[in-house]
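Some notes on the structure that comes next.
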Amino acid sequence: MQGIVRMIEEERYCVDILVQISAVRSALNQVGLQIIENHTRGCVSRALQSGDGEDSIAELVDVLRKFSK
């Protein structure tokens, strides 16, 4: 993000700034997907095994809805 701010302050070419914004979005999405996977394999899996799966699944679905916006 600091790099993008610096690009704006330096009045760099708009297309270059937009390309960087796209790269940051992509990187954030990849990190988010990894966290979702880890959460599903860990927390959700444990909740299902212990019989508390419904709440955990509902929470996961809610997070997926928010993440996909």
Side-chain angles (χ1 to χ4, degrees):
M1 287 301 302
Q2 291 175 349
I4 293 172
V5 170
R6 189 170 34 257
M7 289 176 79
I8 293 169
E9 291 171 349
E10 293 172 357
E11 298 182 8
R12 299 274 299 270
Y13 185 51
C14 294
V15 173
D16 292 340
I17 296 169
L18 291 169
V19 167
Q20 283 305 115
I21 290 170
S22 177
V24 169
R25 281 184 180 159
S26 178
L28 285 172
N29 282 337
Q30 291 306 309
V31 170
L33 288 172
Q34 185 63 54
I35 292 170
I36 289 170
E37 180 179 351
N38 292 344
H39 176 68
T40 302
R41 293 183 186 278
C43 299
V44 176
S45 178
R46 280 190 298 277
L48 288 169
Q49 291 172 1
S50 70
D52 297 324
E54 289 302 315
D55 288 341
S56 188
I57 290 170
E59 178 185 53
L60 178 60
V61 169
D62 185 51
V63 165
L64 289 171
R65 280 191 183 114
K66 291 176 183 174
F67 185 75
S68 66
K69 285 185 178 183

Distance, nearest 0.5 Å, that separates CD of Gln30 from CD of Gln34: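 Going from CD on Gln30 over to CD on Gln34, the span is 9.0 Å.
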
Using 0.5 Å steps for rounding, measure from the CG atom of Asn38 to the CG atom of Leu33.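 The CG atom of Leu33 is 11.0 Å from CG of Asn38, to the nearest 0.5 Å.
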
Here's a test for you: under side chain to side chain contact (heavy atoms under 4.5 Å, CB included), which of Leu18, Ile21, Asp16 qualifies with Ile4? Ile21

Can you name the side chain to side chain contact (heavy atoms under 4.5 Å, CB included) partners of Glu54, sequence neighbours left out?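 Result, side chain to side chain contact (heavy atoms under 4.5 Å, CB included) vs Glu54: none returned.
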
Between [X] and [Y], is there a shared hydrophobic cluster once you connect ILVMFWY residues whose side-chain heavy atoms come closer than 4.5 Å?
X	Y	result
Leu28	Met1	yes
Val15	Val24	no
Val61	Val44	yes
Ile8	Val19	no
Val31	Leu64	no

Just wondering, more than 12 heavy atoms not from Glu37 lying within 6.0 Å of its CD? yes

Is the backbone N or O of Ile36 less than 3.5 Å from a side-chain atom of Thr40, with the two atoms forming a donor-acceptor pair by type? yes

Does Ser45 use its side chain to pair, donor to acceptor, with the backbone of Gly42 at less than 3.5 Å? no

Closest heavy-atom pair, Ser56 versus Ala47, reported as atoms and distance to 0.1 Å, is CB-CB, 3.5 Å

